[in-house]
Amino acid sequence: MLLGNLDDAAAPSRLHVPKTSEIVADKIRAQIVRGELAEGDTLPPEGQLMDSLGISRPTLREAFRILEAEGLISVVRGSRTGAKVHKPSVDLVSRYAGYVLESQGTTIADLYQARLAIEPSVVRWLATDKGGDAVPKLRNLLAEMEALLDAERHDDFIARVEVFHQSLVAATGLKTLTFMSRMLINLAGKHQIDFQRRHGRDKETRRKSHRAGLRSYIKVVDLIEAGAVEEAVAHWRLHLTNANATWTSEGEGARVVDSLGD
C-alpha cells in the first residue's frame, strides 16, 4: 500500500500542495532558465498576464515576489512596463553560499584550500592539451593586465586577477567546475578587498607584488603552451600556496567567512 494511515504519528509530513502563485512562478522561472526569456526582456503588463493565466492580481504579485527574491526579475513599482527578466547569477548564488558558509563557521583558510584543490588540476588538464584554444585569450588578458600596471592602475589590475583565475578554469570547458570556481573566487575576492583595506601596503611594495604576480601568470601560460605538465602544475601549486599564505596571514586564516560585510 503506497500511503499508510495519515493519522499515524510516524507517518511522513503532509504533502505540500503548491499555491497558484508558486505554479505561476515555476512557469516563468522555467522560461528564464531555458532561455525562452532572455536577460533584459520584459514580461507582459500585469493586466495581460492576469488575463492570459486566469489569475488574480494578488496571486500574480505573490509570484513576482518569489521570482524577485530569487533575482530572476526586477519590478519597478508604479511602472507601466512589465517586470524585467534577469538570467540566474553566479554573484547571487555566491552571496547565498556565503551565508551558508558563514553560518557553518567556515574559515578563510578553508576557502583558500578549496581553491588550491581545484586550480592545479585545471592546469594539468590544460597543459596536457597544450592549452588548446585558450592560450591566445589568456595572453590577451595578460597583455591588458600589464598595460594596467604600466598605467599604475593597481585596483583595476586586482580586478583582472580574478578574471584571469576565472578564465583559466573556464578554459577547461567544464561548466560545473567553472561555476564552483567562480563562487570561490567571488568570495575570496571580497575577503581580499577587505584584507587590503585593513592591511595597507606602501605603493612600492604593492607595485613589486603585482609585477611578481604578473610574471607568475605569464610563466604558467608559457608552461601550459609548452605542454610541460608537471612543471606547470608544480609552479601553479606553489603560486597558490604562496598567495594563500599571504591572504591568510596575520590571523586572517582563522577568521570566519564574512558574507554580510560586518
Side-chain angles (χ1 to χ4, degrees), residues 1-104 106 111 114 159 162-163 166-167 169-190 257-262:
M1 185 174 179
L2 182 59
L3 293 178
N5 186 343
L6 295 181
D7 293 328
D8 190 336
S13 301
R14 292 183 179 181
L15 295 175
H16 170 68
V17 179
K19 297 190 295 185
T20 304
S21 58
E22 294 173 338
I23 295 171
V24 172
D26 286 345
K27 180 180 179 66
I28 297 173
R29 185 189 302 108
Q31 290 180 298
I32 295 171
V33 171
R34 292 170 185 159
E36 296 166 16
L37 291 169
E39 175 73 32
D41 282 354
T42 54
L43 298 178
E46 284 189 357
Q48 186 176 331
L49 279 174
M50 288 159 52
D51 290 341
S52 63
L53 297 171
I55 58 176
S56 66
R57 189 178 302 276
T59 296
L60 179 61
R61 290 190 172 176
E62 177 60 26
F64 276 8
R65 279 193 287 271
I66 295 170
L67 295 169
E68 198 169 15
E70 295 174 352
L72 295 176
I73 66 170
S74 56
V75 180
V76 178
R77 308 304 170 191
S79 172
R80 294 181 179 274
T81 60
K84 183 173 288 188
V85 170
H86 304 292
K87 297 293 286 183
S89 164
V90 173
D91 289 339
L92 187 65
V93 176
S94 295
R95 188 156 58 247
Y96 189 82
Y99 301 155
V100 175
L101 291 173
E102 184 171 359
S103 73
Q104 294 176 342
T106 306
L111 192 67
E162 283 192 35
V163 176
Q166 291 174 4
S167 299
V169 180
T172 64
L174 298 170
K175 290 182 171 55
T176 303
L177 191 64
T178 299
F179 174 75
M180 292 171 59
S181 177
R182 281 189 64 186
M183 283 199 301
L184 290 172
I185 288 169
N186 283 0
L187 290 169
K190 291 175 183 177
V257 171
D258 183 2
S259 59
L260 300 173
D262 295 337

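Bear in mind the structure is a predicted one, so any value in this text is a computation, not a measurement.
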Between [X] and [Y], what is the shortest heavy-atom contact and its length?
| X | Y | answer |
| --- | --- | --- |
| A83 | I73 | CB-CD1, 4.0 Å |
| I66 | A25 | CG2-CB, 4.1 Å |
| S181 | V169 | OG-CG2, 3.4 Å |
| I23 | P18 | CG1-CB, 4.0 Å |
| P88 | I32 | CD-CG2, 4.3 Å |
| H86 | G71 | CB-O, 3.4 Å |

Does atom [atom1] of [X] have more than 12 heavy-atom neighbours from other groups under 6.0 Å away?
| X | atom1 | result |
| --- | --- | --- |
| K84 | NZ | no |
| K87 | NZ | yes |
| M50 | CE | yes |

With distance as the sole test, does [X] use its side chain to make a donor-acceptor pair with the main-chain N or O of [Y] at under 3.5 Å?
| X | Y | value |
| --- | --- | --- |
| S94 | V90 | yes |
| S21 | A63 | no |
| N186 | M183 | no |
| S52 | Q48 | yes |

How many angstroms lie between [atom1] in [X] and [atom2] in [Y], if you round to the nearest 0.5 Å?
| X | Y | atom1 | atom2 | answer |
| --- | --- | --- | --- | --- |
| L43 | L60 | CG | CG | 9.0 Å |
| L92 | E70 | CG | CD | 9.0 Å |
| L187 | R182 | CG | CZ | 12.0 Å |
| I185 | Q166 | CD1 | CD | 5.0 Å |
| Y96 | L101 | OH | CG | 11.5 Å |
| R95 | K190 | CZ | NZ | 6.5 Å |

Note, [X] side chain near [Y] side chain (heavy atom, < 4.5 Å):
| X | Y | value |
| --- | --- | --- |
| R65 | V75 | no |
| F64 | I28 | yes |
| T106 | L111 | no |

Query raised in the report: Between E22 and K19, is the closest basic N to carboxylate O distance under 4.0 Å?
Result: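 Answer for the salt bridge query: no.
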Query raised in the report: Below 4.0 angstrom, N of the basic side chain to O of the carboxylate: do R61 and E46 qualify?
Result: yes
Query - Donor-acceptor pair between T59 and S56 side chains, under 3.5 angstrom - result: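 Short answer, yes.
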